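The first residue of the sequence shown is numbered 1, and numbering continues consecutively from there. Keep in mind that what you see is a predicted model, and the values were worked out from it rather than measured.
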Amino acid sequence: KHGRHSLSIDTERAETLYTKATDILRRSADGGDAEAQRELGLCYASGKGVAKDESQAEKWLRISGSNWDLEAEYYLADMLACQDNSDIAQILQLLEKTAEMGNVNAQCKLGIAYATGDLLREKEQDSGNFILTSDGKYVRLVRPLSISVNPSRAVYFYKKAMEHGSLDGALNLAELYSQHSQCLMN
């Protein structure tokens with residue numbers, strides 16, 4: 001039998017387990033484990049197991065990224081993009097670094113950004129009004145993060161994603177060619 005009481009018990013249990021998990025992550029992160037550092041940063045970003053704290057999230061994601069964790073740098077770029085004072089050059093630098101080192105998500109994100117001129121758009125067809133943040137929530141955007149449209153850079157990153165087996169990279173490249181075939185053929 002499921003009622004309100006069991007739901008609150010499950011929520012309490014989940015919170016207790018998240019707290020225990022973050023304690024374990026913190027010990028591993030303090031010991032230099034890059035994956036634990038990334039996951040601890042994501043816990044701080046989402047407020048799971050710890051109080052939500054963007055500065056701690058950024059700190060742990062940066063530490064993990066400095067230990068060659070490409071996923072951490074991708075999530076850091078995502079988190080920074082959602083801040084009011086976003087530094088577009090820094091975000092592009094993080095994404096391009098991870099894309100060049102093989103992060104397919106960064107490759108696709110950059111392909112879309114260079115195709116549309118909007119660093120936050122998740123798909124070429126999106127209106128760009130929402131973004132999925134690293135803590136799994138959709139945030140309504142007040143403004144896009146504009147960059148210069150550059151179809152040849154979009155093609156470059158979509159092709160890199162395809163080399164890593166990305167269906168999204170292939171589909172986005174096909175869409176780009178269908179919309180801009182004259183520009184891209186020259």
Side-chain angles (χ1 to χ4, degrees), residues 29 34-48 50 52-164 166 168-169 171-173 175-176 179-180:
E35 184 178 356
Q37 293 163 343
R38 172 183 11 103
E39 292 303 320
L40 186 58
L42 294 175
C43 286
Y44 277 111
S46 66
K48 290 183 178 175
V50 292
K52 188 172 182 174
D53 185 333
E54 283 191 17
S55 66
Q56 283 293 309
E58 184 175 338
K59 169 192 160 186
W60 284 108
L61 290 172
R62 284 189 188 281
I63 291 170
S64 181
S66 72
N67 288 320
W68 299 100
D69 184 345
L70 298 180
E71 289 298 312
E73 292 195 328
Y74 176 78
Y75 287 124
L76 177 61
D78 236 15
M79 189 181 92
L80 294 174
C82 292
Q83 295 175 349
D84 287 335
N85 56 349
S86 300
D87 180 345
I88 294 173
Q90 180 186 23
I91 295 163
L92 277 173
Q93 181 182 20
L94 284 167
L95 287 173
E96 291 203 12
K97 175 183 172 187
T98 60
E100 291 298 340
M101 295 181 79
N103 185 299
V104 174
N105 291 328
Q107 292 163 348
C108 287
K109 185 179 219 64
L110 285 167
I112 292 166
Y114 284 119
T116 65
D118 183 355
L119 189 55
L120 295 178
R121 195 173 295 190
E122 292 295 317
K123 296 180 182 169
E124 284 192 45
Q125 299 79 17
D126 284 351
S127 63
N129 292 331
F130 293 89
I131 183 171
L132 179 63
T133 62
S134 59
D135 61 355
K137 296 180 182 170
Y138 282 94
V139 175
R140 185 171 193 78
L141 298 175
V142 177
R143 68 337 180 224
L145 275 183
S146 297
I147 64 170
S148 297
V149 172
N150 188 333
S152 62
R153 291 293 285 164
V155 168
Y156 172 79
F157 284 110
Y158 286 150
K159 284 182 176 179
K160 287 201 83 59
M162 284 177 49
E163 289 170 10
H164 290 96
S166 171
D168 286 340
L171 293 173
N172 286 335
L173 182 60
E175 182 67 24
L176 184 65
Q179 291 177 359
H180 303 284

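- The line from CZ of Arg62 to CG of Leu80 is 5.5 Å long, rounded to the nearest 0.5 Å.
- Taking CD from Gln107 and OH from Tyr156, the interatomic distance works out to 8.5 Å, rounded to the nearest 0.5 Å.
- Residues Trp68 and Glu73 form no side-chain contact, since every pair of their non-hydrogen atoms from C-beta on lies 4.5 Å or further apart.
- The CG atom of Asn103 lies 12.0 Å from the NZ atom of Lys160; values are rounded to the nearest 0.5 Å.
- The 12-atom threshold is not exceeded at CD of Gln93, counting heavy atoms of other residues, nucleotides or ligands nearer than 6.0 Å.
- Separating the CG atom in Leu173 from the SG atom in Cys108 is a distance of 10.5 Å, to the nearest 0.5 Å.
- Within the 3.5 Å criterion, the main-chain N or O of Ala29 finds a donor-acceptor partner in the side chain of Gln37.
- Across all their heavy atoms, Phe157 and Gly111 have their closest contact at CB-N, 3.8 Å.
- Listed by chain and number, the residues in a side-chain hydrogen bond (donor to acceptor under 3.5 Å, both in side chains) with Glu54 are Gln83 (sequence neighbours excluded).
- Residues Leu42 and Glu39 have side chains in contact (heavy-atom distance under 4.5 Å, counting atoms from C-beta outward).
- By the 4.5 Å heavy-atom criterion applied to side chains, Tyr44 and Glu58 are not counted as neighbours.
- Scanning all heavy atoms of the two residues, the minimum distance from Ser146 to Ile88 falls at O-CD1, 3.5 Å.
- Between the OH atom in Tyr74 and the OG1 atom in Thr98 there is a gap of 8.5 Å [rounded to 0.5 Å].
- With sequence neighbours excluded, no residue forms a salt bridge (Lys or Arg N to Asp or Glu O under 4.0 Å) with Glu163.
- Heavy atoms of other residues, nucleotides or ligands lying less than 6.0 angstrom from CD of Glu35 number 12 at most.
- Nearest heavy atoms, Val104 versus Ala161: CG1-CB, 4.2 Å.
- Looking only at distances, no side-chain donor or acceptor of Tyr158 sits under 3.5 Å from a matching main-chain atom of Leu171.
- Separating the CE atom in Met79 from the CG atom in Leu94 is a distance of 10.5 Å, to the nearest 0.5 Å.
- Listed here is the closest heavy atom pair of Leu176 and Ala115: CD1-CB, 3.8 Å.
- Formation of a donor-acceptor pair under 3.5 Å by the Ser64 side chain with backbone atoms of Trp60 is not found in this model.
- Annotation for Lys109 and Leu119: closest pair CE-O, 4.0 Å, computed over non-hydrogen atoms.
- You'll find the side chain of Leu110 reaches within 4.5 Å of the side chain of Leu92, heavy atoms only.
- The minimum heavy-atom distance linking Ala77 with Ile91 is given by the pair O-CG2, 4.0 Å.
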